[in-house]
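Keep in mind the model is a prediction, meaning the values are calculated, not measured.
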Amino acid sequence: MTQFILTIEDPKDVSLIKKLLAKFDGVTLKKNSCKRKTGLDEALEDVAAGRVTRYESVDEMFEKLGTEL
């Protein structure tokens with residue numbers, strides 16, 4: 001069994017390619033099963049991995065960032 005991954009930018013081409021591939025015996029089409037991570041998922045992973053910075057106050061945060069109010 002051989003698998004190909006196609007990246008198609010134009011949505012019009014997708015339907016044309018699907019119709020063409022449907023004509024072949026033994027060809028099946030599956031959508032990509034990768035789940036995209038949301039911003040919340042990424043943030044929770046950062047917290048779990050310890051990639052966070054804690055500040056005692058907003059003033060301390062701005063001071064550490066070098067931003068003057």
- Roughly how far, to the nearest 0.5 Å, is CG of D46 from CG of D41? 11.0 Å
- Scanning both residues in full, the closest heavy-atom pair of I17 with L6 reads CG2-CD1, 4.2 Å
- Item | Distance, nearest 0.5 Å, that separates OG1 of T28 from CD of Q3 | 8.5 Å
- Task: Could you tell me whether R51 and E45 have a side-chain N and a carboxylate O separated by less than 4.0 Å?
- Result: no
- Mark yes or no for whether E60, through its side chain, and E56, through its backbone, hold a donor-acceptor pair below 3.5 Å. yes
- Query: Looking at OH of Y55 and CG of L65, how far apart are the two atoms once the value is rounded to the nearest 0.5 Å?
  - Reply: 5.0 Å
- Consider only side-chain heavy atoms of I, L, V, M, F, W and Y, link residues closer than 4.5 Å, and tell whether F62 and V52 are in one cluster. no
- Item | Hphob cluster co-occupancy, V14 + L21, side-chain heavy atoms under 4.5 angstrom | yes
- Item | Pairwise distance CG(L40) to CD(E42) - rounded to 0.5 angstrom | 10.0 Å
- Starting at CE of M61, measure out to OG of S57 and round the result to the nearest 0.5 Å. 9.0 Å
- Item | Separation of D13 CG from L20 CG (nearest 0.5 Å) | 11.5 Å
